[in-house]
Amino acid sequence: TYKNLFFPFKLVQSLISARRIVKQFKPDVVVGVGGYASGPVLRMAVRLKIPTVIQEQNSYPGITNKLLANKADKICVAYSGMEKYFPKDKIYLTGNPVREDVVNINGKKENACAFFKLNPDIKTVLVIGGSLGARSINESVEKHLEFFEKNKIQVIWQTGKAYYSKALEYISKYGNLRVFEFITQMDLAYAVADVVVSRAGAIAVSEICAIKKPAILIPSPNVAEDHQTKNAQALVNYNAALMIKDSEAQEVLGGAVLNLLQDGNLRGELIKNIAALDFKNAADVIADLVFNTIKK
C-alpha cells in the first residue's frame with residue numbers, strides 16, 4: 001500500500017529518536033523483548049557500544065529479534081532448539097517470567113472450591129481466552145454448555161469484556177457454570193481446574209507449565225507470524241499439551257475435554273511432560289544475566 005512508501009522515512013525518524021533517548025538516558029545495559037518499539041533502541045545501543053540482551057518469549061522468534069540477534073550480547077529464550085534462529089553461543093535457556101502469586105497453587109483447591117462455589121467431587125474445566133476474550137473459544141464454550149452439564153463437568157469461563165453480558169444469560173440455565181469477564185483470583189482458578197482450555201500466548205503457556213495442569217491449547221490465528229500455533233506445537237511435540245485448531249474448536253472442543261477428563265493415563269502423561277518444561281525463577285535468572293552483561 002502507499003503507506004509502505006513512508007516506511008524508510010519513519011524508520012530513520014525512529015532511529016534518530018532512539019539515539020537521542022539512549023544518549024540522554026545513558027543506560028548500562030538495554031533489554032529488548034521484541035516488537036517494533038525495541039528494534040531501533042537496541043540497534044542504537046549496539047552502535048553506541050552499550051551491552052544488549054534480548055528476551056524472546058515465543059518458540060518462533062519475531063522478525064525484530066531475528067534481525068538484532070547477531071549484534072546482541074545475550075539472548076534469553078523459553079524453548080529449546082532456538083539455535084535454528086539465533087547464534088548458539090549467545091543463547092541462555094531461562095524460560096519466561098511468570099507472576100509467582102498466580103502460579104503458586106499448592107494447597108489452595110479447598111479454598112478455590114469455596115470461592116467459586118464448586119463441588120470438589122466433580123471435574124472442573126477452566127476456560128481462558130486472554131484478558132480481551134477470544135470469540136471462537138467463547139462460541140465453542142457456548143455451543144457445548146448443554147454437553148458439559150449433561151456430562152457433569154463444571155466450567156469456570158473467563159469471557160473477556162465483549163462476550164460477558166451474553167454469557168451471563170446462561171448462568172441461570174446451567175448450574176455448573178461460573179462466568180467472569182476477567183478472573184482476578186487466577187491462582188484459585190488454576191488450583192481448582194482439572195483441565196485448562198487456553199490460547200497459546202507465551203505467558204499463558206509458561207503459566208500452564210508452572211501449574212503443571214493438563215491443557216487444551218487453541219492458538220489464535222490472528223497474531224504476527226502465527227506465534228501461538230508454534231508455541232502450542234512446541235508443547236505438543238513433547239506430548240505436554242493437546243492442541244485444537246481455532247477453526248475446529250466449535251466442533252471438537254466438547255469431545256476433547258470429556259476425553260481428557262475421562263482418560264487418567266493421558267492426563268498423567270501430560271502433567272509429567274509439562275512439568276519438565278517449567279523453568280524455576282525465570283525472572284531472577286534473566287535479571288542476573290542482565291546485570292552480568294553490564295561492562296564493569
Side-chain angles (χ1 to χ4, degrees), residues 96-134 137-201 203-218 241-242 253-254 256-258 260-262 264 267-268 270-271 274-275 278 280 283:
N96 285 326
V98 293
R99 300 164 291 173
E100 290 302 323
D101 57 324
V102 164
V103 298
N104 178 16
I105 64 171
N106 290 340
K108 292 184 178 178
K109 183 162 183 177
E110 197 178 323
N111 284 351
C113 283
F115 179 82
F116 291 110
K117 297 183 175 62
L118 295 170
N119 183 337
D121 300 321
I122 295 178
K123 293 279 192 260
T124 301
V125 175
L126 169 64
V127 182
I128 36 180
S131 56
L132 299 175
I137 291 182
N138 285 335
E139 288 172 350
S140 303
V141 174
E142 181 195 331
K143 186 175 176 184
H144 286 98
L145 288 176
E146 202 168 308
F147 176 89
F148 291 140
E149 177 106 328
K150 195 172 81 178
N151 287 283
K152 293 187 166 54
I153 298 169
Q154 297 176 134
V155 183
I156 301 172
W157 182 14
Q158 179 183 288
T159 63
K161 194 170 185 177
Y163 214 86
Y164 180 60
S165 55
K166 188 176 182 188
L168 276 178
E169 297 169 17
Y170 304 118
I171 285 187
S172 57
K173 208 167 153 191
Y174 299 101
N176 63 334
L177 184 62
R178 307 290 178 268
V179 171
F180 298 86
E181 180 181 324
F182 184 76
I183 298 171
T184 52
Q185 302 278 349
M186 272 307 294
D187 57 331
L188 296 182
Y190 280 143
V192 78
D194 294 289
V195 165
V196 178
V197 176
S198 173
R199 284 300 197 204
I203 300 305
V205 168
S206 294
E207 287 183 359
I208 292 166
C209 290
I211 61 166
K212 304 168 184 62
K213 294 278 176 130
I216 296 172
L217 301 173
I218 306 174
L242 305 179
L253 179 63
V257 167
L258 183 62
L260 186 51
L261 287 173
Q262 290 178 338
R267 287 204 313 280
L270 295 179
I271 290 166
I274 207 165
D278 176 34
K280 301 285 180 216

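Atom set for the values below is all heavy atoms of this structure, side chains included, hydrogens, waters and symmetry mates excluded.
Applying the side-chain hydrogen bond (donor to acceptor under 3.5 Å, both in side chains) test to Thr124 and every residue at least two apart in sequence or in another chain returns Gln154. Not counting sequence neighbours, the partners of Phe180 by the ring pair (Phe, Tyr, Trp, His ring centres under 6.0 Å) test are Phe116. With sequence neighbours left out, the side chain to side chain contact (heavy atoms under 4.5 Å, CB included) criterion links Ala256 to Ile216, Ile244.
For the pair Trp157 and Tyr170, the minimum side-chain heavy-atom distance is below 4.5 Å. You'll find the side chain of Ile153 stays beyond 4.5 Å of the side chain of Val195, heavy atoms only. Side chains of Leu270 and Leu260 form a contact here, defined as non-hydrogen atoms less than 4.5 Å apart. Counting heavy atoms from C-beta outward, Val155 and Tyr174 have side chains that stay 4.5 Å or more apart. His144 places none of its side-chain heavy atoms less than 4.5 Å from the side chain of Val257.
Among pairs with a residue in residues 204-217, those fulfilling side-chain hydrogen bond (donor to acceptor under 3.5 Å, both in side chains) read Asn96-Ser206, Arg99-Glu207, Tyr190-Glu207, Lys212-Asp278, at least two apart in sequence or across chains. Counting only residues at least two apart or on different chains, the side-chain hydrogen bond (donor to acceptor under 3.5 Å, both in side chains) pairs with a member in residues 106-123 are Lys108-Asp187. Applying the salt bridge (charged side-chain N to carboxylate O under 4.0 Å, His left out) test to every pair with at least one member in residues 137-148, sequence neighbours left out, gives these pairs: Arg135-Glu139, Glu142-Lys166, Lys143-Glu251.
With hydrogens and angles disregarded, a donor-acceptor distance shorter than 3.5 Å links the side chain of Asn151 to the backbone of Phe147.
Here the closest non-hydrogen pair linking Gln185 and Phe115 is CG-CZ, 3.5 Å. The shortest heavy-atom contact between Ile156 and Leu118 is CD1-CD1, 3.8 Å. Scanning all heavy atoms of the two residues, the minimum distance from Asn138 to Gln158 falls at OD1-O, 4.1 Å.
One finds the CD1 atom of Ile218 at 8.5 Å from the OG atom of Ser198 (value rounded to the nearest 0.5 Å).
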